[in-house]
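Only one structure is covered here, and it is reproduced in the block below.
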Amino acid sequence: MHIVLDRRPDGGVTATELDAAAMPHGTAAVEASDLAEFVRSREPEHPRWVWSSAARWYPALLAAGVRVERCVDLALCRRILRTSLLTADSELAHEPATGWDDLARIATAAAETPGAPTLFEVGESAPAAALDPVREFQAQQAAAIGATQPAPLRLLLAAESAGALIAEEIRFTGMPWRADVHDRVLTEALGPRAPDGRHPARLEALAAKIRELLDAPRLNPDSQPELLAALRRVGLDVTSTRKWELRELEHPVIEPLLEYKNLYRLFTANGWAWLDTWVHDGRFRPDYVVGGVVTGRWATSGGGALQLPKNIRRAVVADPGWKLVVADAAQLEPRVLTGLASDVNMADAGRGRDLYDSVVAAGVVASRREAKVAMLGAMYGATTGDSARLMPALRRAFPQAIGLVDRAAEQGERGDQVMSRLGRTSPRPGGAWREVQDRASQPGASAADERRARSQARDWGRFTRNFVVQASAAEWALCWMAELRLRLAELGSDLVTAPHLVFFLHDEIMVHTPERFAPQVERLVRDAAAQAGRLLFGTFPVDFPLQVATVDTYADAK
DNA sequence: GTTTACGGCGCG
DNA sequence: AAAGCGCGCCGTAAAC
């Protein structure tokens with residue numbers, strides 16, 4: 001059963017119940033102040049709540065202590081359906097852009113554009129009929145049912161919508177974060193916090209030393225051009241100030257300079273200013289953007305939750321009497337590729353053991369490092385170095401899997417779109433791309449035109465090569481998390497007192513749980529991973545082993 | 001003065 | 001060693 005929620009101009013809500021054919025068979029007018037109670041009262045019937053976006057509707061419900069099991073996030077689902085090759089013939093895909101597309105674009109924009117309408121403003125002023133969620137849901141249903149392969153697409157829509165709920169729940173509960181521990185980490189590394197955001201003592205001392213060693217008393221080491229010039233002035237033949245280039249040089253300034261860069265990064269990206277901005281009441285609240293990446297990965301908008309450096313993970317500490325269950329999927333992308341290609345050889349290699357070790361044991365390459373580099377190269381489209389050199393051996397050993405990514409690359413080079421396992425579709429290359437290709441195929445094309453077109457085609461081919469794997473891996477992760485969320489809810493539905501997800505990072509999840517539930521949570525995490533594999537790849541025997549750790553602090557998870 | 005691009009580096 | 005994919009964020013410098 002579906003219940004569609006729509007905001008009326010007077011601020012109240014219309015709830016429309018739909019039958020299996022998505023036809024309305026009853027509406028209720030609900031005052032805004034009664035909405036949470038209304039949702040709570042209907043939730044035992046396990047409806048799927050249909051709303052413009054979870055980001056818009058769900059926070060207020062969570063704040064009122066109400067969780068929902070399932071939803072349809074129309075903004076996110078529209079974006080998928082409007083661009084999927086599986087629904088390319090649908091009316092939905094062909095209709096002109098509407099306010100729903102604005103909503104979808106804003107919902108999945110990683111950064112807010114100043115002055116642009118926010119998610120909460122779009123549609124508020126438009127005529128109600130323009131953004132009728134019942135009609136929109138019916139149009140989406142029609143597109144999904146008429147899809148070339150409805151089943152995977154419907155799974156994708158459900159998973160994406162579950163992701164939207166999870167993102168809001170994580171934002172609501174937050175990730176446990178000990179500001180005092182974070183401050184200790186910073187103080188140990190940088191010296192005590194200086195007033196007014198000024199550089200702390202250690203950073204200043206290192207800067208002074210660098211100026212002295214480079215004989216540049218006015219040098220600002222944060223300025224790349226100034227630093228580059230100063231390095232060249234003392235006879236160092238560098239073309240950049242990147243740390244891996246600096247590391248190769250022999251000069252007394254290199255050591256303090258590398259240390260300075262390291263500490264400077266900590267200070268600016270995750271220093272006291274970050275702590276003040278993003279951590280409140282013992283919680284870090286990541287600003288996830290579901291579907292923010294074209295491949296379906298999540299992005300973030302502010303807070304940098306997807307880039308938490310290892311050195312501050314000590315500050316992520318479970319509450320007293322609680323634990324963190326941290327799990328990550330081992331070699332997720334190659335295993336997803338295995339399933340995509342139904343590559344039995346690769347599935348055998350990955351079964352019950354480290355995939356890369358097996359590739360070595362099979363005599364394909366000489367070391368685990370080479371196996372990893374070769375596999376990543378296959379999925380990223382390496383053209384040079386060790387990785388490219390190892391590709392032929394890998395292709396011989398796993399023709400099915402490598403053939404799949406090679407074909408995806410060829411499609412991209414031609415300008416064709418490619419699809420993930422469940423039907424998420426890569427964007428079309430832009431107009432400029434087509435122009436360059438067209439020009440190169442004209443009779444009068446110069447060698448330079450052809451070179452440029454070729455190089456650009458290869459660039460896009462590397463993108464589509466990676467897209468099929470990365471997008472399908474993102475789907476596996478969404479399914480994993482959605483399955484886990486439902487299983488965790490059986491241990492207790494209250495987000496504050498029961499085990500709940502607090503972090504997600506592409507192939508890694510973290511559950512904050514009362515200590516006594518930790519063993520059960522570990523089991524559920526594994527069950528959910530197995531189920532995600534079945535949802536994506538049916539009975540094909542590809543394993544998705546996890547590294548699971550129950551810890552007090554995130555730093556101990558790996 | 002304000003916005004955009006770039007270099008650099010963190011994460012998967 | 002740091003390429004081959006996907007990101008966000010910082011500060012500075014360049015462009016407007």
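So that the names make sense, note that chain A is the first sequence line, chain B the second, and so on, each numbered from 1.
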Quick check for you: among C:dG4, C:dT12, C:dC9, whose closest atom lies nearest to any side-chain atom of A:Asn220?
C:dT12

Between B:dG12 (C1') and A:Gln331 (CD): distance, integer Å:
14 Å

Is the phosphate of B:dG8 approached by A:Gln224 (side-chain N or O, under 4.0 Å from OP1 or OP2)?
yes

Quiz item: A:Arg297 side-chain donor-acceptor pair to B:dG12 base, under 3.5 Å
yes

Please work out if A:Leu376 contacts a base, only the sugar-phosphate, or nothing of the nucleic acid, heavy-atom cut-off 4.0 Å.
nothing

What nucleotide among C:dC9, C:dG11, C:dG4 has an atom nearest to a side-chain atom of A:Arg265?
C:dC9

What residue among A:Arg454, A:Arg462, A:Gln437 forms side-chain hydrogen bond (donor to acceptor under 3.5 Å, both in side chains) with A:Glu413?
A:Arg454

Could you tell me whether A:Arg389 atom CZ has more than 12 heavy atoms of other residues or ligands within 6.0 Å of it?
yes

I need the minimum non-hydrogen distance between A:Gly197 and A:Phe267, along with the two atoms involved.
O-CZ, 3.6 Å

Could you please name the option among C:dG11, B:dC11, C:dA1 that lies closest to any side-chain atom of A:Thr268?
C:dG11

Would you mind classifying the nucleic acid contact of A:Arg242 as base, sugar-phosphate or nothing, using non-hydrogen atoms under 4.0 angstrom?
sugar-phosphate

If you find the nucleotide of DNA chain C closest to A:Gly377 and the one closest to A:Arg369, which residue's nucleotide is nearer the 5' end?
A:Arg369

Would you classify A:Arg462 as touching base, sugar-phosphate or nothing, given that sugar-phosphate means primed atoms plus P, OP1 and OP2, and contacts are heavy atoms under 4.0 Å?
sugar-phosphate

Check the pair A:Ser342 / A:Gln400 against side-chain hydrogen bond (donor to acceptor under 3.5 Å, both in side chains), numbers first and verdict last.
CA-CA 7 Å; A:Ser342 303; A:Gln400 300 262 109; over 6 Å; no

Starting at CZ of A:Arg247 and ending at P of B:dC9, how long is that distance when rounded to a whole Å?
9 Å

Find the distance A:Leu306:CG to B:dG12:P and express it as a whole number of Å.
10 Å

Answer yes or no: does a side-chain N or O of A:Ser223 lie under 4.0 Å from OP1 or OP2 of C:dA13?
yes

Between atom CG in A:Leu203 and atom P in C:dC10, what is the gap in whole Å?
16 Å

Would you say C:dG4 has OP1 or OP2 under 4.0 Å from some side-chain N or O of A:Asn466?
no

Do the side-chain N or O atoms of A:Lys243 get closer than 4.0 angstrom to the phosphate oxygens (OP1, OP2) of C:dA2?
no

Taken to the nearest whole Å, CE/A:Met375 to C1'/C:dC5 is 16 Å

Looking at C:dG8, I'd like to know if its phosphate oxygens (OP1 or OP2) sit under 4.0 Å from a side-chain N or O belonging to A:Ser301.
no

Of the candidates C:dA3, B:dG8, C:dC7, the side chain of A:Trp244 sits closest to C:dA3

For residues A:Arg314 and A:Thr553, is any side-chain donor paired with an opposing acceptor at under 3.5 Å?
no

Side chains of A:Arg193 and A:Pro200 in contact at under 4.5 Å (non-hydrogen atoms)
no

A:Asn270 near the nucleic acid: base, sugar-phosphate alone, or nothing, with a heavy-atom cut-off under 4.0 Å?
nothing

Mind checking who C:dG4 pairs with, Watson-Crick or G-U wobble, both distances under 3.5 Å?
none

Side chain of A:Gln470: nearest nucleotide among C:dC7, C:dC5, B:dG8?
C:dC5

What is the separation between atom CG on A:Leu246 and atom P on C:dA2, rounded to the nearest whole Å?
12 Å

Assign A:Val373 to base, sugar-phosphate, or nothing according to its heavy-atom contacts below 4.0 angstrom with the strands shown.
base

Listed nucleotide nearest any side-chain atom of A:Ala299, set B:dC9, C:dC7, C:dG4
C:dC7

Would you say A:Lys310 reaches B:dG12's phosphate, i.e. side-chain N/O to OP1/OP2 under 4.0 Å?
yes

In whole angstrom, what separates A:Gln307's CD from B:dC11's C1'?
6 Å

Closest of C:dC9, B:dC11, C:dG11 to the A:Leu505 side chain is B:dC11

May I ask you to check whether A:Gln417 and A:Thr425 show a side-chain donor-acceptor distance below 3.5 Å?
no

Glycosidic torsion of C:dG4 (syn if within 90° of 0, anti otherwise) classifies it as syn

So A:Thr295, base contact, sugar-phosphate only, or nothing? Heavy-atom distance under 4.0 Å.
nothing

Counting side-chain heavy atoms from C-beta on, which of C:dG8, C:dG11, C:dG4 comes nearest to A:Asp222?
C:dG11

Measure CZ/A:Arg458 against C1'/C:dC5 and give the value in whole Å, please.
17 Å

Using a 4.0 Å heavy-atom cut-off, does A:Phe467 contact any base of the nucleic acid, only the sugar-phosphate backbone, or nothing at all?
nothing

More 5' along DNA chain C: A:Glu333 or A:Glu245, using each one's nearest nucleotide?
A:Glu245

Is there a donor-acceptor contact under 3.5 Å linking the side chains of A:Gln307 and A:Asn270?
no

